Amino acid sequence: ACGKRKLRRGCYQTEMLPGLAALEIRQRRALRISPTPLIGTDGSTKVSPFWGRIKWIPEGLLKSGTHQVEPAVGVFALSLTAIALGLALALLFLGFPVGDPWAIAALSGAATIAERGKIKLNSAATASISLFPQLIAAVLFGPLAAMIVAVASMLGDFRRPYVRWLTHTSGRAIGAACAGLFAAQVITQPGDVTQIAIATAGAVITAQASDVAFGALLFRLRGHGNPVALLRTLSPLLVLALPLYAPVVGLLVYGYWEVSPWTLPLFLAPALAAQRSFLMYQDQRRLAEDLVDANLQLERANLSFASALV
């Protein structure tokens with residue numbers, strides 16, 4: 001009979017207690033991810049490829065929450081950092097001066113504040129007026145001062161993934177150093193209007209060209225697409241860079257040497273205030289556009305609800 005039929009043991013699986021089952025699962029996972037012994041294995045020797053070496057970089061350098069940085073971007077960032085450090089050491093060895101500490105501190109603070117108020121151009125590009133203090137430092141004091149101001153401008157953006165911060169900071173420092181080197185070679189007599197004009201124009205072109213070159217290369221490495229799209233976005237800024245930056249920087253440099261060092265704070269304060277006003281206007285316009293979109297969606301929802309009632 002069905003009620004008197006004995007159950008066979010082979011048809012059923014014995015169950016473990018939940019605690020023992022969890023312990024066994026952890027042990028199995030530990031065996032699967034156990035590291036290679038330091039004394040070596042009995043297998044054949046195999047050399048890791050170049051791109052495999054990126055695994056040696058700490059996880060916090062390449063990750064920010066769920067965001068994973070591409071290995072190519074990590075190698076690019078480390079290469080730029082090495083170049084920037086080598087360039088700074090070479091400039092120190094060659095005897096380039098740092099400049100007035102108080103002026104460098106004022107320019108660094110202005111660059112930091114300006115960088116925190118970025119103007120969003122599109123989903124992948126932003127702009128700020130932090131280039132103004134860098135150009136002033138490059139023409140006034142040379143490449144070392146420009147590198148200090150460039151690095152200081154990025155201090156407020158120091159967060160994970162640190163490889164992104166290293167990339168932007170190193171690329172900006174290299175561009176500022178190149179602009180300062182050009183200006184230092186041109187200016188032999190401080191206060192000469194012609195030399196100031198040539199040095200300022202060359203520094204603007206050098207800094208902007210390096211910034212765009214590094215940005216386009218990083219844009220490509222991140223997989224955002226063709227860097228030509230980024231160049232199209234930045235082309236109006238590139239065209240306006242020389243007539244916008246060069247006269248102002250040249251006048252400030254001339255005023256610093258011939259009038260008073262107080263010309264720097266008298267310009268930087270209104271410039272930062274103007275940038276802040278533009279940011280507030282941009283936020284207000286964005287809020288107005290979002291309000292229009294919300295009203296359109298609400299109107300469509302009301303029409304759908306009314307048609308359903310009919």
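Note that the structure is a prediction, hence the values are computed from the model and not measured. Because only heavy atoms are used, hydrogens play no part in the values below, and waters and symmetry mates are left out as well, while side chains stay in.
Atom CG in L144 sits 7.5 Å away from atom CE in M147 (nearest 0.5 Å). Note: F182 CZ to I205 CD1 = 7.5 Å, rounded to the nearest 0.5 Å. Separating the CG atom in L140 from the CG atom in L135 is a distance of 11.0 Å, to the nearest 0.5 Å. Atom-to-atom distance recorded for D192:CG and E258:CD is 9.5 Å, nearest 0.5 angstrom. Between L131 atom CG and S153 atom OG the span is 9.5 Å, to the nearest 0.5 Å.
Under the 4.5 Å side-chain contact rule for hydrophobic residues, I196 and F141 share a cluster. A continuous path of Ile, Leu, Val, Met, Phe, Trp and Tyr side chains, each step under 4.5 Å between heavy atoms, connects V98 with L107, placing both in one hydrophobic cluster. Linking Ile, Leu, Val, Met, Phe, Trp and Tyr whenever their side-chain heavy atoms come within less than 4.5 Å puts I113 and V248 in one cluster. Follow the hydrophobic side-chain contacts under 4.5 Å out from V204 and you reach V193 in the same cluster. Hydrophobic clustering of Ile, Leu, Val, Met, Phe, Trp and Tyr side chains at less than 4.5 Å, counting indirect connections, unites L242 with V253.
You'll find the side chain of R164 stays beyond 4.5 Å of the side chain of D157, heavy atoms only. The shortest distance between side-chain heavy atoms of L251 and F267 does not fall below 4.5 Å. Residues L155 and W165 form a side-chain contact, since some pair of their non-hydrogen atoms from C-beta on lies under 4.5 Å apart. By the 4.5 Å heavy-atom criterion applied to side chains, R172 and E115 are counted as neighbours. Within the 4.5 Å cutoff, the side chain of L291 has no heavy atoms near those of the L287 side chain.
Scanning both residues, G191 and W257, for their nearest heavy atoms gives N-CE3, 3.4 Å. Scanning both residues, A184 and F96, for their nearest heavy atoms gives CB-CE2, 4.3 Å. Across all their heavy atoms, A207 and A179 have their closest contact at CB-CB, 4.2 Å. Between A138 and A176, the shortest heavy-atom distance links the atoms CB-O, 4.3 Å. Nearest heavy-atom pair, G74 versus V163, reported as atom, atom and distance to 0.1 Å: CA-CG2, 3.6 Å.
When each of V139, V249, V149 is tested with Q134 by the rule side-chain contact (heavy atoms from CB on, under 4.5 Å), just one qualifies, namely V149. A side-chain contact (heavy atoms from CB on, under 4.5 Å) with P143 is found for exactly one of I148, L87, L94, L181, namely L181.
Atom CD of Q185 sits in a sparse spot, with 12 or fewer heavy atoms from other residues, nucleotides or ligands closer than 6.0 Å. Around the OH atom of Y254, the shell of radius 6.0 Å holds no more than 12 heavy atoms that belong to other residues, nucleotides or ligands. By the 6.0 Å contact criterion, CD on E299 is open, its count of non-hydrogen atoms from other residues, nucleotides or ligands being 12 or less. Few gaps surround CZ on F158; more than 12 heavy atoms of other groups in view lie less than 6.0 Å from it.
A distance-only check finds no donor-acceptor pair linking the side chain of T206 to the backbone of A203 [under 3.5 Å]. At least one donor-acceptor pair under 3.5 Å links the side chain of T263 to the backbone N or O of S260. Looking only at distances, no side-chain donor or acceptor of T169 sits under 3.5 Å from a matching main-chain atom of L166. Of the possible donor and acceptor atoms, none in the side chain of T200 sits under 3.5 Å from a partner among the backbone N and O of A246. In this structure, the side chain of Q195 engages the main chain of T188 through a donor-acceptor pair within 3.5 Å.
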Exercise for review: Start with the C-alpha gap between I174 and F214, add the side-chain angles, then the distance that decides, and say whether side-chain contact (heavy atoms from CB on, under 4.5 Å) holds.
Suggested key: CA-CA 10 Å; I174 294 172; F214 288 137; 4.2 Å; yes

Review point. Hey, mind stepping through T167 and L80 against side-chain contact (heavy atoms from CB on, under 4.5 Å) and telling me if it holds?
Key: CA-CA 7 Å; T167 304; L80 283 182; 4.1 Å; yes

